[in-house]
Protein chains: 2
Amino acid sequence: MSTDIRPRRRADAERSIVRIVSAARASLSEDPDATIDAIAAAAGVGRMTLYGHFKTRAELVEAALIDALRAGEETLSAVDLGGDARGALNRLLASSWALVAESAALLAAAQGVLPAGRIRDLHAGPGERIEELVRRGQHEGVFRTDLPIDWLVNVVHYVLHGAAEESRDGRIKTADVADVVTATVRSILDRPST
Amino acid sequence: MSTDIRPRRRADAERSIVRIVSAARASLSEDPDATIDAIAAAAGVGRMTLYGHFKTRAELVEAALIDALRAGEETLSAVDLGGDARGALNRLLASSWALVAESAALLAAAQGVLPAGRIRDLHAGPGERIEELVRRGQHEGVFRTDLPIDWLVNVVHYVLHGAAEESRDGRIKTADVADVVTATVRSILDRPST
DNA sequence: TGTAACTCGTACTTCGAAATACGACTTAGT
DNA sequence: ACTAAGTCGTATTTCGAAGTACGAGTTACA
């Protein structure tokens, strides 16, 4: 599943690919319209080398996005989700918002060149993590059940993205973001008392 | 403030401008990348006529956005904001989400060609309307005061946009959107019981 | 150490859409 | 009815960035 059945790649090629992908991730996270030339330069690699591995810009963007998601997955899998659902959620959000903020521009780039469905598919991982947590909270009786679970999961994403934007534009101090996000999301998910 | 001090325009020119702007609004709301040719065609006007009134694409997009916001403002100003803040909010949201959904693509187009600050300025109107309402709710003691008001206002926007997207992609039935949005926003704004 | 894989420069083509130029025709408004 | 303002077609230019072609040099690795 994760191993390519391709003809075989030389070690230096692997190295180039890694450098390119990570340069692409960095560049596109800065500027979603970063040019291929710029990315190649940032990777310290000739443009033609890049084209040797990624025939098209879309392919490159996709690889960068996948890499970012993989890294995010890695970070999030280190978060302790034990204990009650609310606490777990808080810890998860604290780690999540920074990831979202980091890759917001990259995501924008992807939205420009990849079909919406593809992007959604790639986000399946992070989505499931939250969905599972929401379900758990519902079973514990602390989270609401009066709205579709898909909406609950997605609205958390929207809030995270919003917070990332506010933070980027300096309307929320970085130190406050986590608190604001958790307070907001908690209000959304908590079982309404009324 | 709203009347141009320009040299003077002929009646047919005014008419052309109106047709162009409204065609631009419609076209860009369908496809944020709509070409100038397409817009001119949709307006039933020659491309050169369009260029006669809008020197650049950005100018045209801005005019379309302003027009959409003006129309929205008009719709929203018809909403009765009397009574308690919660009820007023519900009515406001019910009208708002459809407007947001309608012009989501247009907004995307604007984000591509206009500076972020400019877009934010143009949105001042709708923002104030909600802000005022939130303040009122705070005075009535029903809305929370533990988060910055700017965030509360903006997060409502993010939720509206999210709902519009969910609706567009068919993940929420149109009939349900208003309920989902109001329930969600209400949870966000209500004074937390804990 | 031989060779296939890889690197990478330079120069070129492609492409779509924005913007300009020019000029003939038509219409509004006094 | 006169004239400036407005319409609009066609043709051309501009532009940036994506992608292609070719080929010489370099490196991994069996």
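Every chain is numbered from 1 and lettered A, B, ... according to where its sequence line falls, protein lines coming before strand lines. Owing to the predicted nature of the structure, the values given are computational and were not obtained by experimental measurement.
Contact check for B:Ile36 versus B:Arg47: side-chain heavy atoms found under the 4.5 Å cut-off. By the 4.5 Å heavy-atom criterion applied to side chains, A:Arg171 and B:Asn154 are counted as neighbours.
One finds a salt bridge joining A:Asp12 and A:Arg10 here, because a Lys/Arg side-chain nitrogen approaches an Asp/Glu carboxylate oxygen to under 4.0 Å. Taking the charged nitrogens against the carboxylate oxygens, B:Arg70 and B:Glu74 do have a contact shorter than 4.0 Å, which makes a salt bridge. Between B:Arg191 and B:Asp146, none of the side-chain N atoms (NZ, or NE/NH1/NH2) sits under 4.0 Å from a carboxylate O, so this pair counts as no salt bridge. Taking 4.0 Å as the cut-off between side-chain N and carboxylate O, B:Arg86 and B:Asp190 count as a salt-bridged pair.
The interatomic distance linking B:Asp33 (CG) with C:dA18 (C1') rounds to 14 Å, in whole Å. If you take CG of B:Asp37 and P of C:dC15, they are 18 Å apart, rounded to a whole angstrom. Straight-line distance from the CD1 atom of A:Ile39 to the P atom of D:dA17: 12 Å, rounded to whole Å.
For the atom pair CG of A:Leu92 and CZ of A:Arg129, the computed distance is 7.0 Å after rounding to the nearest 0.5 Å.
At least one side-chain nitrogen or oxygen of A:Ser16 sits closer than 4.0 Å to the OP1 or OP2 atom of C:dT7. One finds a side-chain N or O of A:Thr49 lying less than 4.0 angstrom from the OP1 or OP2 phosphate oxygen of C:dC8. OP1 and OP2 of D:dG16 both lie 4.0 Å or more from every side-chain N or O belonging to A:Thr35.
In the set C:dA11, C:dA19, D:dT7, C:dA11 carries the atom at the smallest distance from any side-chain atom of A:Arg47. Among C:dC8, D:dG19, C:dA21, the nucleotide with an atom closest to any side-chain atom of B:Met48 is C:dA21. Distance from the side chain of B:Tyr51 is smallest to C:dA18 among C:dA18, D:dT7, D:dA18.
A donor and an acceptor atom, one from each side chain of B:Ser167 and B:Trp97, are nowhere located under 3.5 Å apart. A:Arg144 and B:Ser187 are linked by a side-chain donor-acceptor pair at a separation below 3.5 angstrom, with hydrogens and angles left out of the test.
Taken over five-pair windows at either terminus, the axes of the helix from C:dT1-D:dA30 to C:dT30-D:dA1 are inclined to one another by 30° (rounded to 10 degrees).
Using the six-membered ring where Trp is involved, B:Trp151 and B:Tyr158 have ring planes that are tilted, between 30° and 60° apart.
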Tabulated below should be each protein N or O lying under 3.5 Å from an N or O of nucleotides 24-30 of chain C; please produce it.
unit_1 : atom_1 : unit_2  : atom_2 : d
C:dT27 : O2     : B:Arg10 : NH1    : 3.2
C:dT27 : O2     : B:Arg10 : NH2    : 3.3
C:dA28 : O4'    : B:Arg10 : NE     : 3.3
C:dG29 : OP1    : B:Ala11 : N      : 3.1

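Residues of residues 53-66 of chain B having a heavy atom closer than 4.0 Å to DNA chain C, listed by number: B:Thr56, B:Arg57.
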_A:Arg135 and A:Glu131: CA distance, side-chain angles, deciding distance, salt bridge (Lys or Arg N to Asp or Glu O under 4.0 Å) verdict_ = CA-CA 6 Å; A:Arg135 280 193 205 287; A:Glu131 180 169 342; 2.5 Å; yes

